[in-house]
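So the structure is just underneath, and the comments pick up after that.
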Amino acid sequence: MLDAKLVRNEPEKVRQALINRNADTTMLDEFLRLDDEWRKLLQEAETLKAERNSVSEHIAKMKKNKEDATSEIERMREVSQRIKQMDSQLAELDAKTSEILLTIPNVPHESVPVGKNELDNPTIRTWGELRKFDFEPKPHWDLATTLDIIDFDRGSKITGSGFILYKGFGARLERALINWMLDVHTSEHGYKEVFPPFLINRKAMTGTGQLPKFEEDMYHTDKEDDLFLDPTAEVPVTNIFMDEILEADQLPMCLTAYTACFRREAGSAGKDTRGLLRVHQFDKIEMVKFVAPETSYNEHEKLTNNAEDILQRLGIPYRVVLLCTGDLGFSAAKCYDLEIYAPGVDKWLEVSSCSNFQDFQARRANIRYRPEPKGKPEFVHTLNGSGVALPRLVVSLMENYQQADGTIVVPEVLRPYMGVDVIK
RNA sequence: GGAGAGGUGGCUGAGUGGUCGAAAGCGCUCGCCUGCUAAGUGAGUACUCGGAUUAAACCGGGUCCCGGGUUCGAAUCCCGGCCUCUCCGCCA
C-alpha cells in the first residue's frame with residue numbers, strides 16, 4: 001500500500017507510475033476526490049468533538065458543585081447526534097479510500113526500465129555454459145516416466161491435473177533439494193529457518209498484497225473458516241511480524257522457509273500443461289528479509305546472489321532478468337527473475353523472483369522498527385526471493401544431467417542427500 | 001465438541017460511569033551519589049490521524065483485543081465477534 005500522503009501530495013508521480021505499469025488511473029482520481037471530501041468533513045467533526053469534550057468536562061464540574069446542567073446536556077445531546085452522523089459518513093469515505101489504496105500497485109524504483117511487457121525485460125547477466133549433447137535430449141516427462149520416479153497419471157487420479165505424485169528417487173530428490181537448499185541458506189547465507197502454517201487468514205493475505213486483487217488465484221477453504229492455501233512462503237513468513245515493532249539491532253532479519261505452494265493458475269489454462277512446467281501444488285524454498293530502508297537495495301542484490309548461488313552449486317546455467325515496469329508484480333518496486341535453461345523442452349524457466357517491496361507490504365501489514373532506541377517507529381522494507389522453486393529446477397536438473405541411456409546423473413552437492421550418484 | 005476463566009503500555013498488574021492515556025512494580029534512557037560492581041536517588045519513558053510550521057515545539061481528534069449499542073460523558077454498563085488459558089471428551 002502506498003502512503004496516502006504520497007498519493008495526496010504527489011499525485012502526478014503516482015499517475016506516471018500507473019501509466020508505466022499499464023494500469024488504470026481512474027481509481028487515482030476517485031481517491032483524490034474522496035480523500036479531499038474526507039479531510040474537510042473530518043475537520044468539522046473534530047471541532048464538534050472538541051466542543052463535546054470540553055463541555056462534558058464542564059458538566060462534570062457543575063454536577064460536583066450541585067449546579068443545574070440541564071441546558072448543557074440538552075445542547076450536547078444534539079451535538080452528539082450530529083457527530084454520530086458525521087462519523088458514519090466519515091467511516092464510509094474512509095472505507096472507500098482505503099479500499100482504493102489497497103488496489104493501487106507500488107511505484108517502481110527509478111532503476112527499473114520503463115517497458116510494456118516481458119519482451120522489454122533486459123538480461124542483466126548470464127552464468128554457465130549450455131551443455132552440448134551428442135544425442136537428442138529428452139523432455140523430463142519422458143525421463144521421469146521411464147525411470148518411474150514421477151507418476152503424472154496417478155497424481156491426476158488423486159486430485160486432478162497439475163498435481164504430482166513423486167515416487168522412489170523422484171520423491172527422494174524432492175526431499176534432498178529441500179534439505180540441501182535450507183542447509184545452504186542457513187549455514188552459509190545467514191538465514192534463520194522457520195516452518196510456518198500453510199493455511200493463511202484474510203488479513204495476512206492482504207498484508208503481503210495477494211488480497212484483495214488476486215483472490216481468484218488462491219485456493220480458499222470455505223466461507224466458515226475463510227482461510228487460503230499459501231501461494232508462497234512469502235505470505236506466512238512476511239506476516240510473522242504483522243503489527244509489531246522491531247528493534248534496529250534485529251535488522252536485517254533474514255528468514256528462510258520451506259512450504260508447499262498452492263496456486264489455481266486461473267487464466268493460464270492450456271499453457272505449459274505438460275509435465276512439471278506449471279502445476280497447482282509445488283514445493284519451494286523462500287528467503288525473506290526485513291531491513292532498514294537505506295539498506296534495502298543493497299540487501300536486494302545480496303538476496304538475488306543467494307538464489308544464484310544455489311543454481312551455481314548445482315551447475316545449472318541461468319540468466320538474470322530485470323523486470324520492466326510493465327511486467328513488475330503488484331507489490332514490488334523492483335524485481336529480478338532468475339531463469340534456468342532446460343534442454344529437453346528447450347526453454348528458459350523462471351525459478352525465482354527476487355523482489356524489493358520497500359515499505360509497500362510493511363505499511364499494509366504494519367511492520368515497523370525503531371531506528372533509534374526510544375525513537376519513532378518507521379516501516380521496515382521487506383524483500384523476498386525464491387531460493388528456489390522446485391518443479392522447474394527438477395525439470396532442468398533432469399534434462400541437463402540426463403545421459404544417452406535415459407539415466408540421470410546426480411549433481412555432486414546432492415549425492416550425500418540422495419545416497420546414489422545416478423538415478424537409474 | 002462441552003464447561004469455565006480471561007484479554008489494560010516493552011513486561012507484570014490495579015482500575016469506583018466524569019479530574020483516567022490510565023495507579024504500582026519491573027525493564028529501559030538521562031542525571032546524582034558511594035573508589036568499581038551491586039544498592040540508593042531524581043527526572044523521563046505508548047501509538048496514531050488531521051491542522052499549522054523550513055523543522056520541532058504547538059492545536060485538536062482517536063486508541064485500554066475488534067465491531068456495534070446505551071449515555072451529555074465508557075477501560076468501566078449491554079450485545080456480537082476474534083484470540084488466549086484451564087478442565088473434560090475425541091484424536092495423529
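So that the names make sense, note that chain A is the first sequence line, chain B the second, and so on, each numbered from 1.
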Output yes when [X] and [Y] qualify as a salt bridge under the 4.0 Å nitrogen-oxygen rule, no when they do not.
X: A/Glu46; Y: A/Lys49; answer: no
X: A/Asp217; Y: A/Arg264; answer: no
X: A/Arg15; Y: A/Glu12; answer: yes
X: A/Arg202; Y: A/Glu215; answer: yes
X: A/Arg39; Y: A/Asp35; answer: yes
X: A/Glu244; Y: A/Arg368; answer: no

How far does the [atom1] atom of [N] sit from the matching atom of [M], given to the nearest Å?
N: B/U63; M: B/U37; atom1: P; value: 46 Å
N: B/A14; M: B/G7; atom1: P; value: 9 Å
N: B/U8; M: B/G62; atom1: P; value: 23 Å
N: B/C85; M: B/C72; atom1: P; value: 41 Å
N: B/U45; M: B/G50; atom1: P; value: 24 Å
N: B/G21; M: B/A46; atom1: P; value: 15 Å
N: B/A74; M: B/A22; atom1: C1'; value: 14 Å
N: B/G73; M: B/G80; atom1: C1'; value: 24 Å

With rounding to the nearest 0.5 angstrom, report the CZ to CD distance, A/Phe169 to A/Glu174. 15.0 Å

Could you give the [atom1]-to-[atom2] distance, from [X] to [N], as a whole number of Å?
X: A/Glu92; N: B/G68; atom1: CD; atom2: P; result: 13 Å
X: A/Glu74; N: B/G73; atom1: CD; atom2: C1'; result: 15 Å
X: A/Asp249; N: B/C28; atom1: CG; atom2: C1'; result: 13 Å
X: A/Glu44; N: B/G51; atom1: CD; atom2: C1'; result: 14 Å
X: A/Asp243; N: B/G10; atom1: CG; atom2: P; result: 13 Å
X: A/Asn65; N: B/G18; atom1: CG; atom2: P; result: 16 Å
X: A/Gln81; N: B/G73; atom1: CD; atom2: C1'; result: 14 Å
X: A/Leu41; N: B/G61; atom1: CG; atom2: C1'; result: 13 Å

Would you please confirm or rule out a distance under 4.0 Å between OP1 or OP2 of [N] and any side-chain N or O of [X]?
X: A/Arg77; N: B/U71; result: no
X: A/Arg370; N: B/U45; result: no
X: A/Asn53; N: B/G62; result: yes
X: A/Ser80; N: B/U71; result: no
X: A/Arg368; N: B/U48; result: yes

Name the pairing partner of [N], where a pair is Watson-Crick or G-U wobble with both distances under 3.5 Å, or state none.
N: B/U16; result: none
N: B/C58; result: B/G51
N: B/G1; result: B/C88
N: B/C83; result: B/G6
N: B/G21; result: none
N: B/U41; result: B/G31

B/C72, B/G50, B/G61: which one has an atom nearest the side-chain heavy atoms of A/Ile59?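 Within the option list, the nearest is B/C72.
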
Closest to the A/Lys5 side chain, choosing from B/G60, B/G50, B/G73: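 Of the candidates, B/G50 comes closest.
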
Just by distance, no angles: are the side chains of A/Asn356 and A/Ser296 close enough, under 3.5 Å, to form a donor-acceptor pair? yes

Contact class for [X] (heavy atom, under 4.0 Å): base, sugar-phosphate, or nothing?
X: A/Lys84; result: sugar-phosphate
X: A/Lys61; result: nothing
X: A/Gln43; result: sugar-phosphate

Quick one: on RNA chain B, does A/Ile73 or A/Ala91 contact a more 5' nucleotide (nearest heavy atom)? A/Ala91

In terms of the nearest nucleotide of RNA chain B, which residue is placed more toward the 5' end: A/Met76 or A/Glu46?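 Of the two residues, A/Glu46 wins.
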
Could one point to a donor on the side chain of A/Glu57 or the base of B/G18 with an acceptor on the other under 3.5 Å away?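 Between B/G18 and A/Glu57, which were checked side chain against base, a qualifying N/O pair under 3.5 Å is absent.
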
